[in-house]
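First comes the structure, then the notes that go with it.
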Number of protein chains: 2
Amino acid sequence: MKPDRFKTLISEEGLKSTRQRAEILDIFLNSTGHKSLAEIHAWVAKMDPKIGYTTVYRTLKLLTRLGLAAERKFADGETRYEPTHEGTHHDHLICLGCGKIVEFEDDGLESLQDRIARGHGFKIFHHRMELYGYCGPCAHKKTSHRRKG
Amino acid sequence: MKPDRFKTLISEEGLKSTRQRAEILDIFLNSTGHKSLAEIHAWVAKMDPKIGYTTVYRTLKLLTRLGLAAERKFADGETRYEPTHEGTHHDHLICLGCGKIVEFEDDGLESLQDRIARGHGFKIFHHRMELYGYCGPCAHKKTSHRRKG
DNA sequence: CTATGTGCAAAAATTTTGCAGTTCA
DNA sequence: TGAACTGCAAAATTTTTGCACATAG
């Protein structure tokens with residue numbers, strides 16, 4: 001995702017490209033994703049303390065509207081945003097032990113989605129799948145505890 | 001799920017079975033599921049206006065802890081609760097047109113989950129899958145609009 | 001120049017907690 | 001009786017909005 005694409009998108013809507021938006025976009029796109037507003041703002045404020053929370057809030061809403069960001073609400077309740085990496089869809093594996101979030105892509109899932117949707121007369125646009133469990137290291141810790149315990 | 005089961009569960013924890021809890025449980029279990037706290041409270045208050053929002057809030061948290069209810073946060077942001085119908089797992093089809101939420105079960109999904117998890121060294125306990133799109137009637141409306149449009 | 005954007009502060013909407021009086025076991 | 005429960009009000013969060021000033025186009 002190049003900054004140019006953003007400029008094109010907003011000008012198409014008669015909106016403006018500002019210093020703040022460029023700053024937020026830059027930081028947001030180069031982040032790992034899954035960031036809460038507070039986290040993004042903290043990050044942005046480090047670069048430019050004058051940028052307010054409200055601007056970050058409104059910019060992320062804007063990016064969501066333009067399709068460059070996606071709001072996500074995981075089971076823990078906090079609203080998070082992640083860059084959309086247009087074209088590629090991915091889902092999430094979430095470790096209940098250490099909180100790590102791993103992204104994955106699976107074609108089987110995509111076709112399964114279509115089959116299920118057809119069975120219910122739905123026309124699907126997108127889906128969300130989250131797998132909750134323990135990653136390798138965390139699963140191992142739990143197993144060790146049980147051994148001879 | 002019989003009320004008796006609830007009585008057993010809470011007495012096991014040294015908790016009490018009260019009129020309010022019975023009322024909330026009754027209404028909650030006989031609902032369609034996916035209700036927000038405000039909705040549940042409004043419903044409960046119709047039966048007994050003296051029952052406060054706080055009690056509903058705390059009771060649903062309690063039910064969640066006991067495994068009788070599950071908190072869900074769909075993409076629209078509102079926290080909703082649904083009865084767990086122990087043993088059966090299901091996922092959701094969500095209509096973006098009319099907001100209808102349809103539950104479904106799919107064995108293929110369950111095995112796919114295991115395959116994906118293994119590939120990433122995860123041990124999965126549960127998952128969440130949501131398919132967003134348009135149900136039959138809503139999809140039809142959209143199509144009609146496009147015709148000769 | 002003018003419509004849009006920004007930032008502060010404050011309003012709204014949610015979720016959670018403290019406390020005094022009530023109730024179940 | 002005593003620990004748990006209830007309900008009100010108020011605190012803590014989180015999300016949104018109003019408004020005066022700044023700025024891109």
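Predicted model only: the values in this text are computed from it and were never measured.
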Rounded to the nearest Å, what distance is computed from the [atom1] atom of residue [X] to the [atom2] atom of nucleotide [N]?
X       : N      : atom1 : atom2 : value
A:Glu23 : D:dA24 : CD    : C1'   : 17 Å
A:Asp48 : C:dT6  : CG    : P     : 12 Å
A:Arg21 : D:dT23 : CZ    : P     : 15 Å
B:Glu13 : D:dA3  : CD    : C1'   : 15 Å
B:Tyr57 : D:dT13 : OH    : P     : 13 Å
A:Leu60 : C:dG5  : CG    : C1'   : 16 Å
A:Tyr53 : C:dG5  : OH    : C1'   : 18 Å
A:Lys7  : D:dA24 : NZ    : C1'   : 11 Å

message: Would you say that more than 12 heavy atoms from the other residues, nucleotides or ligands in this model lie under 6.0 Å from the NZ of B:Lys123, or not?
response: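 Counting other residues, nucleotides and ligands, NZ of B:Lys123 stays at 12 neighbours or fewer.
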query: Should we say atom CG of A:Asn30 is surrounded by more than 12 heavy atoms from elsewhere, each under 6.0 Å from it?
result: yes
query: Tell me the ring-ring contact (aromatic ring centres under 6.0 Å, His included) pairs involving residues 35-65 of chain B, sequence neighbours left out?
result: B:His41-B:Tyr53
field: A:Asp106 and A:Met129, any side-chain heavy atoms less than 4.5 Å apart
entry: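 Side chain of A:Met129 against side chain of A:Asp106, heavy atoms only: no contact under 4.5 Å found.
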query: Is there a side-chain contact between A:Asp91 and A:Glu110, using heavy atoms and a 4.5 Å cut-off?
result: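 Result yes, sub-4.5 Å side-chain heavy-atom pair found.
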task: Would you please name every residue forming a side chain to side chain contact (heavy atoms under 4.5 Å, CB included) with A:Thr59, sequence neighbours left out?
output: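 A:Thr59 satisfies side chain to side chain contact (heavy atoms under 4.5 Å, CB included) with A:Arg21, A:Ile24, A:Thr55, A:Leu63 once adjacent residues are dropped.
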For A:Arg65, side chain to side chain contact (heavy atoms under 4.5 Å, CB included) partners two or more places apart: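 Here the qualifying residues are A:Glu13, A:Leu15, A:Leu62.
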Below the 4.0 Å mark, does [N] have OP1 or OP2 next to a side-chain nitrogen or oxygen of [X]?
X       : N      : result
A:Thr79 : D:dT15 : yes
B:Lys61 : C:dT16 : yes
A:Gln20 : C:dG7  : yes

statement: Expected string for nucleotides 18-25 of chain C under the B/S/- scheme (protein heavy atoms, under 4.0 Å, primed atoms plus P, OP1, OP2 as sugar-phosphate) is B-----BS
- request: Check DNA chain D against residues 35-44 of chain B and give the residues with a non-hydrogen atom under 4.0 Å, in numerical order.
  value: none
Qualifying residues under ring pair (Phe, Tyr, Trp, His ring centres under 6.0 Å), relative to A:His126, sequence neighbours excluded: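 A:His126 satisfies ring pair (Phe, Tyr, Trp, His ring centres under 6.0 Å) with B:Tyr132 only.
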query: Do A:Glu82 and A:Arg80 sit within salt-bridge range, that is, some charged N less than 4.0 Å from a carboxylate O?
result: no
